There are 2 protein chains.
Amino acid sequence: MTRRITAKDIAMQAGVSRSAVSRAFTKGASVKPETRTRILDVAENLGYRPNAIARSLIKQETDLVAVVTGSEDNIYDMYFFDRLALRLQHEGKWGLLVRAERDEDISKKLGEALMYPVQAAIVRAGTVNTTIVEQCQRLKVPLIFTGPCPVAGADSVWCDNEEGARLAVDTLIQRGCRKIAYLGGDIRMLSENSRRKGFFDAMKTFGLEPFAVLDGDFYHADGYSNGVQLLTARDVPDGIFCANDAAAMGVLDAAKQVSNLRVPEQLAVIGFDNIPMAAWPSFDLTTIDNPIDLTTQAVADTLKKRLDAPGLPEMSVAITPKLVLRGSA
Amino acid sequence: MTRRITAKDIAMQAGVSRSAVSRAFTKGASVKPETRTRILDVAENLGYRPNAIARSLIKQETDLVAVVTGSEDNIYDMYFFDRLALRLQHEGKWGLLVRAERDEDISKKLGEALMYPVQAAIVRAGTVNTTIVEQCQRLKVPLIFTGPCPVAGADSVWCDNEEGARLAVDTLIQRGCRKIAYLGGDIRMLSENSRRKGFFDAMKTFGLEPFAVLDGDFYHADGYSNGVQLLTARDVPDGIFCANDAAAMGVLDAAKQVSNLRVPEQLAVIGFDNIPMAAWPSFDLTTIDNPIDLTTQAVADTLKKRLDAPGLPEMSVAITPKLVLRGSA
DNA sequence: TTGTAAGCGTTATCAG
DNA sequence: CTGATAACGCTTACAA
């Protein structure tokens with residue numbers, strides 16, 4: 001790779017000093033208009049742009065934000081990060097992508113990435129991860145947790161999963177369901193735990209015992225096999241709340257293939273997250289919307305506040321999920 | 001945000017010079033073992049790590065690779081970028097996320113991002129985009145195109161979409177289909193054009209006229225409405241090749257809802273990409289696999305070669321798609 | 001094995 | 001309005 005064009009090159013070509021070049025690129029700096037034009041012309045010609053790395057060295061700050069996750073094959077998370085990247089760019093930040101193989105490797109990977117002086121780290125971890133909080137505190141990097149649950153020592157933006165689960169149970173009850181099963185996700189995940197808790201609490205409110213409680217892993221295949229198990233038994237549930245949409249879709253597939261139950265009349269199914277596929281006619285899934293736009297907006301707001309006032313106490317923003325009523329319940 | 005710990009701090013604490021600190025962090029540098037240990041200890045204590053930005057300034061290179069896309073709501077692309085991020089990290093690179101709102105804004109967004117001296121830019125653009133190639137050439141940033149189609153002036157790793165379309169037609173013909181329709185995607189997209197071309201070529205080989213050709217936009221809803229249109233007509237096709245999986249799933253949903261056609265006996269459907277959902281029982285979609293691992297591997301290889309030998313002539317790697325036979329054809 | 005000093009490309013300060 | 005000069009935090013000759 002040939003050498004990158006520097007301000008020195010432009011200065012020589014334009015017959016000015018390096019400082020002049022710098023000023024030409026600084027909004028509001030005092031440069032004679034014609035000088036600026038000449039400099040910008042030369043720069044355009046040679047394909048120059050100020051080196052953000054050198055700039056950040058002297059300015060003592062970058063536009064970089066570490067965006068880190070360990071999750072894989074989670075459709076919701078992929079959409080989330082996509083939208084988050086857009087939002088960050090709107091705020092003039094650039095996302096430094098940190099992708100761990102597994103949740104447990106998150107803090108290790110982030111540790112390596114922190115060679116780059118990022119403004120902050122936005123982390124979406126499924127499991128409890130105190131290491132990463134300690135690490136960021138030690139390195140004085142503001143940490144924003146996104147997703148399931150607040151963690152002490154970091155800012156957080158979290159979906160009120162318990163409330164979402166309650167919404168789901170309410171809806172099933174209103175539908176007339178009384179034999180309500182819970183099809184959970186990976187029990188190591190924070191979101192699973194709060195959704196499960198919300199489910200149990202809500203059931204208790206109605207004086208109902210869960211018809212069945214199954215562990216799973218949030219995947220479609222898992223929802224399918226658990227669905228088969230539930231629906232081929234002698235006694236079947238009349239309502240199933242699933243810990244996420246993929247699993248719920250698996251259940252719906254199972255219902256179609258191994259049972260004659262009519263959905264939603266004989267079997268109501270509710271998911272969680274509201275991924276775009278939930279709206280597809282083959283699923284037409286009633287689900288609890290985990291609002292991506294609200295969440296990324298809240299992350300951006302939190303980030304801004306944190307950067308403006310590093311001394312602020314911990315912030316924790318709860319996002320309230322909403323019911324999206326479709327054909328499955 | 002408090003000041004980041006620097007080598008100077010460590011040097012003072014450890015009672016050595018700044019160079020010693022640098023050496024302690026440089027593999028194979030000549031430092032007395034105990035000195036190194038002491039330095040590393042202090043560093044660990046104070047939470048120091050070398051500033052990658054200052055380092056890259058002197059080293060004249062970064063570990064950054066711009067990873068840029070304009071696509072939205074494309075499940076395949078999301079998976080692709082997720083895997084690409086992992087692959088890059090394995091190669092010791094960090095992805096700088098560049099996300100344009102629309103395909104046409106890609107070169108503008110990348111232009112802004114290039115303030116950061118990245119090693120290369122990996123671009124996934126759906127449409128022809130010569131601006132971005134010129135821009136990267138002017139700035140001497142190696143550019144690797146991924147996806148549909150090679151572009152002159154940049155390296156490229158591309159799926160042989162024409163071959164994939166041929167595979168699809170072959171399969172439908174073998175199935176006994178003779179009234180074969182094509183449900184295309186957005187005609188501005190490169191992938192659409194080559195898939196369409198492959199379809200027409202293959203049909204010609206068999207001496208068949210397309211039963212119908214519809215334009216679309218690659219989305220499920222579009223596949224659905226086009227499917228409804230096709231399948232509620234007096235004369236219906238016996239085979240449909242769709243330009244991607246989401247559209248194919250839409251067609252399958254339409255077939256279920258508005259027709260009594262048995263799949264695959266009376267109606268065979270083939271998609272393209274092989275996103276994970278294609279394997280879900282509700283779809284069980286026969287499709288053309290657009291191999292993510294092969295592609296990201298090829299991108300990483302191309303990147304390595306390009307960085308090792310900047311003078312090398314343009315590289316263009318074709319990835320051959322494979323048929324994945326499931327229940328829909 | 002260690003320290004000193006120069007320099008990477010920028011911006012900020014301060015004279016002119 | 002402009003140009004010299006000093007930083008920013010690091011690596012790397014070179015000298016000790």
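All chains are named by letter (A, B, ...) in the order of the sequence lines, taking the proteins before the strands, and each is independently numbered beginning at 1. Remember, it's a predicted structure, so these values are computed and weren't measured experimentally.
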Rounded to whole Å, how long is the line connecting atom [atom1] of [X] with atom [atom2] of [N]?
| X | N | atom1 | atom2 | value |
| --- | --- | --- | --- | --- |
| B:Asp63 | D:dC10 | CG | P | 15 Å |
| A:Ile5 | C:dT10 | CD1 | C1' | 16 Å |
| B:Met115 | C:dT11 | CE | P | 8 Å |
| B:Ile39 | C:dG3 | CD1 | C1' | 12 Å |
| B:Arg3 | D:dA7 | CZ | P | 15 Å |
| A:Lys59 | C:dT13 | NZ | P | 11 Å |
| B:Arg4 | D:dG9 | CZ | C1' | 10 Å |
| A:Lys32 | D:dG3 | NZ | P | 10 Å |

Classify the nucleic acid contact of [X] as base, sugar-phosphate or nothing, counting any heavy atom under 4.0 Å across all strands shown.
| X | answer |
| --- | --- |
| B:Thr26 | nothing |
| A:Ser19 | base |
| A:Val21 | nothing |
| A:Phe25 | nothing |

By nearest atom, which of the nucleotides [options] is closest to the [X] side chain?
| X | options | value |
| --- | --- | --- |
| B:Val16 | C:dG3, D:dG3, D:dC10 | C:dG3 |
| B:Arg18 | C:dT1, C:dT11, D:dC10 | D:dC10 |
| A:Ser30 | C:dT11, C:dC8, D:dC1 | D:dC1 |

N/O donor-acceptor pair, side chain A:Ser22 with base C:dA12, under 3.5 angstrom: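 It does not, because no donor-acceptor pair links the side chain of A:Ser22 to the base of C:dA12 below 3.5 Å.
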Donor-acceptor pair (no angle test) under 3.5 Å: B:Arg23 side chain, C:dG3 base: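 Side chain to base: pair present.
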Any donor-acceptor pair under 3.5 Å from B:Tyr76 side chain to B:Asn290 backbone: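 Here the side-chain-to-backbone pair exists.
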Residue among A:Leu88, A:Val68, A:Thr302, A:Leu143 satisfying side chain to side chain contact (heavy atoms under 4.5 Å, CB included) with A:Ile122: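 Result: among A:Leu88, A:Val68, A:Thr302, A:Leu143, A:Leu88 is the only option passing the side chain to side chain contact (heavy atoms under 4.5 Å, CB included) with A:Ile122.
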Flag for B:Gln297-B:Asp301: side-chain donor and acceptor within less than 3.5 Å: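 Yes.
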B:Gln13-B:Asp9 side chain donor-acceptor pair, cut-off 3.5 Å: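 Absent: no donor and acceptor within the cut-off.
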Ion pair check, B:Arg102 and B:Glu104, cut-off under 4.0 Å: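 Looking at B:Arg102 and B:Glu104, the cut-off is met.
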5' priority, DNA chain C, between B:Ala20 and B:Ile58 [closest heavy atom]: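 Looking at DNA chain C, the more 5' nearest nucleotide goes with B:Ala20.
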Contact nearer the 5' end of DNA chain C, comparing B:Leu57 with B:Ala29: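 Nearer the 5' end of the strand: B:Ala29.
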Identified side-chain hydrogen bond (donor to acceptor under 3.5 Å, both in side chains) counterpart of B:Arg124 within the set B:Asp77, B:Asp103, B:Thr69, B:Asn74: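 Filter result, single survivor: B:Asp77.
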Would you say a side-chain N or O of [X] is under 4.0 Å from OP1 or OP2 of [N]?
| X | N | value |
| --- | --- | --- |
| B:Tyr116 | C:dG9 | no |
| B:Thr6 | D:dC8 | no |
| A:Gln60 | C:dA12 | no |

